[in-house]
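Reading through the structure tokens given below for one structure.
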Amino acid sequence: MSQPTPDTHDLFAVRKAKLDQMRADGFDPFRANWDQTHTSASAKALYELGEEDEKEVSVAGRLTNIRIMGKAAFAKILDRDGRIQIYARRDALGEEAYRAFKKLDIGDIVGVSGPLFVTRTGELTVRALHYKLVSKSLRPLPEKWHGLKDSEQIYRNRHLDLIVNEESRERFRKRSAIISCIRRFLESRDFMEVETSTLHGIAGGAAARPFVTHFNALDCDFHLRIALELHLKRLLVGGFDRVFEIGRVYRNEGLDRRHNPEFTMLEVYQAYSDYRGMMELIHSMVQTVCHEVLGSTAVVNADGVEIELAGPWREASYLDLIREATGDSQWHKRSKREKLVAARKLGLALDPELEDFEVTNQIFEKRVEPQLIQPTFVTHIPRELCPLAKLNEDDPTVLDVFELCIDGVEIAPAYSEQNDPFLQMEMFEQQVGEETQNLDREFIAALEQGMPPAGGMGVGIDRLIILLTGAANIRDTILFPALRPWPARGQNELTTEREAPKGAN
RNA sequence: GGGUCGGUAGCUCAAUCGGUAGAGCAGGUGCCUUUUAAGCACUUGGUUCGGGGUUCAAGUCCCCGCCGGCCUACCA
């Protein structure tokens, strides 16, 4: 087959022409495979064991770098563990194979086998005796030195980001390790992992606008869940005394540095415990993750501020923190008007129509929470703020709950769970007001069956990952964050044209 | 939703006051058998996000739109 000369500036066409030529010569890389005996890391480990020289390995990965020097070449391949150098020379591979090697492109996926050796400059290298192209890369990779910087491309083309940006690869590896560690921690405490449904008739357990979807078979609308809470508590009623779920929840609200419309939540429920028990649980959990995954109890946030996670953590009541922020020890005795004036002094122009507790809570969210950088359990939270927790026995205006704040963000709320169906009904009615169709009567019926006293907690996993990896943005911790769908005519339209696969047989 | 900044070659970035759109990497050709962002020589490559306007002349100024970053609003 006469090789058509493609435009040398059309990187796709140049690579496609190489592929066509290979297929014409009887080799189709998309039908090939490779027997990988070692990764970059295990090959290094093997070499460091010492003993006899010239250990043979067979590695595979994506070519990220090629340096051709006449009759020999160095290249690097990237596999799941990292990079390893390979050395190809004409007299070892043979004339024909070496000529083909020189035609490889950065981004191609190859298998390479041969003995390990260390180069003059001290780098462990595989001396290629055999190699095979096992997947052709038709698109060029971003620049080798600067990587991919454009944040939109990073989010839209995460695969490119992962190939060229090592920090990104490491961050997601760490995310996986943290979640795995959390699972093992909870299992070691005899919690059982469950999966509850994501399609809810009534999206309860939190106050957030849900996404709506339509179920054709039943011809009715469903909501994507906004929390895991109510189903998990029904499992407590059912006798699963210690349950947890790690799953997606969906909230139809704005996007920003700390909010993605779908995010990962961990919820844990433990019968015969309470919010104090949850304090111990989250503290131990974070210590365990620090030791097993991070190897450190200190983390540094995106602003360079160090946060010390080793315990014990500060405990402060909601009202004390408000008093501290406003400098008013008699805050609880002030009228709403006085509170509004105080809010204004703190630079908050609040709507006078807000309820009294909402005014205070605005101060909490805008002026207190952002200041809670080191881990702090905020306790004694006003009852209006959460309808699902038990009232404090000594002061029924507050709840037996905490909110764990770190780095100015709420990481985990936990409650002594309300199990009195009458009080629960009352709280629900206050919450939903007129919209009684949003009142989850099935849940109330479950409570009427009798739910054991329990502690429960929700952990925003993505926010925890931000904290533990020092990420600047929730999108850097979510593999495929929400973005507006591609415009109809994008600059980067699909290049692969529809054509009969000629080389296929 | 509002404010603000941005979108230039496949990638990372330049382009003075409105006056012929450039560089590095990647790509192509040639040389080079231990390189490290390999090197050397030559070289291809542009709907300057899209549409309109002002002007002798627009990447640059104005208007509209698209996409994104940041701030803000919403947000248990």
Side-chain angles (χ1 to χ4, degrees), chain A residues 5-15 17-18 64-76 83 85-93 98 102-103 105-107 117-123 125 127 137-157 160-161 163-165 204-209 226-227 229 249 251-261 263 265 358 361-362 364-366 369 381-382 384-389 399 401 403 410 412-413 415 431 458 460 472-473 475 481 483-492 495:
Chain A
T5 317
D7 290 341
T8 58
H9 66 271
D10 184 341
L11 306 186
F12 190 97
V14 168
R15 288 166 179 236
K18 289 180 183 177
T64 58
N65 182 301
I66 308 174
R67 293 181 291 275
I68 294 171
M69 302 166 305
K71 298 180 189 65
F74 284 94
K76 281 195 180 160
R83 260 175 247 271
Q85 180 164 262
I86 60 181
Y87 178 51
R89 42 193 289 167
R90 192 175 68 172
D91 54 15
L93 280 174
Y98 184 69
K102 288 198 290 185
K103 292 223 164 195
D105 287 301
I106 288 173
F117 75 105
V118 172
T119 63
R120 193 179 285 168
T121 50
E123 179 156 356
T125 302
R127 185 189 307 275
S137 175
L138 292 160
R139 289 173 180 263
L141 282 178
E143 211 233 6
K144 62 185 171 187
W145 187 245
H146 297 95
L148 191 63
K149 291 264 183 68
D150 183 302
S151 53
E152 182 173 1
Q153 283 222 57
I154 285 173
Y155 301 140
R156 288 200 194 275
N157 296 315
L160 291 179
D161 173 49
I163 292 167
V164 301
N165 293 332
R209 275 183 297 169
I226 57 173
E229 178 146 3
V249 298
R251 297 187 179 179
N252 203 342
E253 284 157 3
L255 292 159
D256 65 32
R257 210 156 43 104
R258 293 193 161 113
H259 295 83
N260 193 65
F263 61 99
M265 182 99 109
E358 290 173 316
N361 199 45
Q362 282 293 310
F364 182 80
E365 287 183 2
K366 297 287 173 5
E369 202 173 83
I381 290 170
E384 294 85 353
L385 295 178
C386 171
L388 291 153
L399 300 162
V401 305
E403 278 183 10
E410 183 189 337
Y415 318 147
Q431 183 198 24
N473 192 309
R475 293 179 160 187
L483 287 177
R484 194 174 290 276
W486 276 71
R489 282 163 31 79
Q491 54 192 339
N492 206 355
T495 317

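To find a chain, count down the sequence lines: A is the first, B the second, and so on, and within it residues start at 1.
Taking the side chain of A:Lys71 as heavy atoms from C-beta on, and the options B:U33, B:U34, B:G10, the nearest nucleotide is B:U33. With B:U33, B:C74, B:G10 as the candidates, the nucleotide lying closest to the side chain of A:Arg209 is B:C74. Picking from B:A26, B:U33, B:A73 the nucleotide with the shortest atom distance to the side chain of A:Lys366 gives B:A73. Closest to the side chain of A:Ala72, from the set B:U33, B:G45, B:G10, is B:U33. Proximity note for A:Leu148 (side chain, C-beta onward) versus B:G68, B:A37, B:U12: the nearest is B:U12.
Nearer to the 5' terminus of RNA chain B, by closest-nucleotide assignment, is the contact made by A:Arg127 (compared with the other of A:Lys144 and A:Arg127).
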Sub-3.5 Å pairs of nitrogen or oxygen atoms, protein against nucleotides 28-31 of chain B:
unit_1	atom_1	unit_2	atom_2	d
B:G28	OP1	A:Lys18	NZ	3.0

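A 4.5 Å side-chain heavy-atom check between A:Lys144 and A:Thr64 finds every atom pair outside the cut-off. Between A:Arg139 and A:Leu11 there is no side-chain heavy-atom pair separated by less than 4.5 Å. With contacts defined as side-chain heavy-atom distances shorter than 4.5 Å, the pair A:Arg251/A:Pro261 does not qualify.
Using a 4.0 Å heavy-atom distance criterion, A:Ala207 is classed as a base contact. As judged by a 4.0 angstrom heavy-atom cut-off over every strand, A:Gln85 is placed among the base-contacting residues. Across all strands shown, A:Gly147 has heavy atoms under 4.0 Å from sugar-phosphate atoms exclusively, and none from any base. In this structure, A:Arg258 reaches neither bases nor backbone, as no heavy-atom distance under 4.0 Å exists between it and the strands shown. Among the atoms of the strands shown, base atoms are found under 4.0 Å from some heavy atom of A:Leu11. Nucleic acid contact for A:Ser151: sugar-phosphate only, since backbone atoms but no base atoms lie under 4.0 Å from a heavy atom of the residue. Heavy atoms of A:Arg257 sit under 4.0 angstrom from primed sugar atoms or phosphate atoms, though from no base atom. At a threshold of 4.0 angstrom between heavy atoms, the contacts of A:Asp150 are confined to the sugar-phosphate backbone, with no base atom among them. A:Pro413 comes within contact range of no nucleotide atom at all, as no heavy-atom separation falls under 4.0 Å. Residue A:Leu255 is classed as a base contact, given a heavy-atom separation below 4.0 Å to a base.
As the counterpart of B:G46, no nucleotide is assigned, since no Watson-Crick or G-U wobble pattern has both distances under 3.5 Å. Nucleotide B:C75 forms a pair with no other nucleotide shown, judged by Watson-Crick or G-U wobble geometry with both contacts under 3.5 Å. Using the Watson-Crick or G-U wobble rule with both distances under 3.5 Å, B:C70 pairs with B:G3. Applying the Watson-Crick and G-U wobble criteria (two distances, each under 3.5 Å), B:G18 pairs with nothing in any strand. Applying the Watson-Crick and G-U wobble criteria (two distances, each under 3.5 Å), B:U29 pairs with B:A41. Pair assignment for B:A23 gives B:U12, based on Watson-Crick or G-U wobble hydrogen-bonding distances that are each under 3.5 Å.
Residue A:Arg484 has a polar side-chain atom (N or O) positioned under 4.0 Å from OP1 or OP2 of B:G68. Residue A:Arg156 has a polar side-chain atom (N or O) positioned under 4.0 Å from OP1 or OP2 of B:G68. Close to B:C75, at under 4.0 Å from its OP1 or OP2, lies no side-chain N or O of A:Asn252. Look at A:Asn473 and you'll find a side-chain N or O under 4.0 angstrom from OP1 or OP2 of B:C70. OP1 and OP2 of B:U35 both lie 4.0 Å or more from every side-chain N or O belonging to A:Arg67. Taking side-chain N and O atoms only, A:Gln153 has no distance below 4.0 Å to OP1 or OP2 of B:G68.
Nucleotides B:A21 and B:U33 have their P atoms positioned 42 Å apart, rounded to a whole Å. Taking atom C1' in both B:G59 and B:G22, the straight-line distance is 12 Å, to the nearest Å. Using C1' as the reference atom, B:C61 and B:C42 are 41 Å apart when rounded to the nearest Å. Look at the C1' atom in both B:U72 and B:C11: the space between them is 33 Å, to the nearest Å. Annotation: B:G30 and B:A23 have their P atoms spaced 23 Å apart (nearest Å). Taking atom P in both B:U44 and B:G51, the straight-line distance is 28 Å, to the nearest Å. Between the P atoms of B:A26 and B:A37, the separation comes to 12 Å (whole Å). Comparing B:C64 with B:C74, their P atoms sit 27 Å apart, to the nearest whole Å.
The distance between atom CZ of A:Arg90 and atom P of B:U33, rounded to the nearest whole Å, is 8 Å. Residue A:Leu160 contributes atom CG, which lies 21 Å from atom P of B:C25 at whole-angstrom precision. One atom, CG of A:Asp10, and another, P of B:G10, lie 9 Å apart when rounded to the nearest Å. Across the protein-nucleic acid pair, A:Ile163 atom CD1 and B:G10 atom C1' stand 14 Å apart, rounded to whole Å. Atom CD of A:Glu143 is separated from atom C1' of B:A26 by 8 Å (rounded to the nearest Å). Put simply, CD1 on A:Ile154 is 12 Å from P on B:C11, counting in whole angstrom units. Here the P atom of nucleotide B:C13 and the NE2 atom of A:His146 are 7 Å apart, to the nearest Å.
In terms of heavy-atom proximity, A:Gln85 sits nearest to A:Thr119 at NE2-CG2, 3.7 Å.
For A:Ile154, the side chain to side chain contact (heavy atoms under 4.5 Å, CB included) partners at least two apart in sequence or on another chain are A:Leu148, A:Arg158, A:Asp161, A:Asn165. Scored by the side chain to side chain contact (heavy atoms under 4.5 Å, CB included) test, A:Lys71 finds A:Arg90 as partners (sequence neighbours excluded). Under the side-chain hydrogen bond (donor to acceptor under 3.5 Å, both in side chains) criterion, A:Arg89 pairs with A:Tyr87, A:Asp91, not counting sequence neighbours. In this view, A:Leu483 and A:Tyr155, A:Arg156, A:Arg475 satisfy the side chain to side chain contact (heavy atoms under 4.5 Å, CB included) rule, not counting sequence neighbours. In this view, A:Glu123 and A:Lys76 satisfy the salt bridge (charged side-chain N to carboxylate O under 4.0 Å, His left out) rule, not counting sequence neighbours.
At a cut-off of 3.5 angstrom, the base of B:U34 holds no donor-acceptor pair with the side chain of A:Arg120. A donor-acceptor contact under 3.5 angstrom links the side-chain atoms of A:His259 to the base of B:C75. For B:C74, the base has a donor-acceptor partner in the side chain of A:Asp256 [N/O atoms by modelled type, under 3.5 angstrom].
In this structure, A:Asp256 contributes its side chain and A:His259 its backbone to a donor-acceptor pair below 3.5 Å.
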Practice task
Apply side-chain contact (heavy atoms from CB on, under 4.5 Å) to the pair A:Tyr415 and A:Leu399, showing each step before the final yes or no.
Solution key: CA-CA 8 Å; A:Tyr415 318 147; A:Leu399 300 162; over 6 Å; no
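The line from CG of A:Leu160 to CD of A:Gln153 is 7.0 Å long, rounded to the nearest 0.5 Å.
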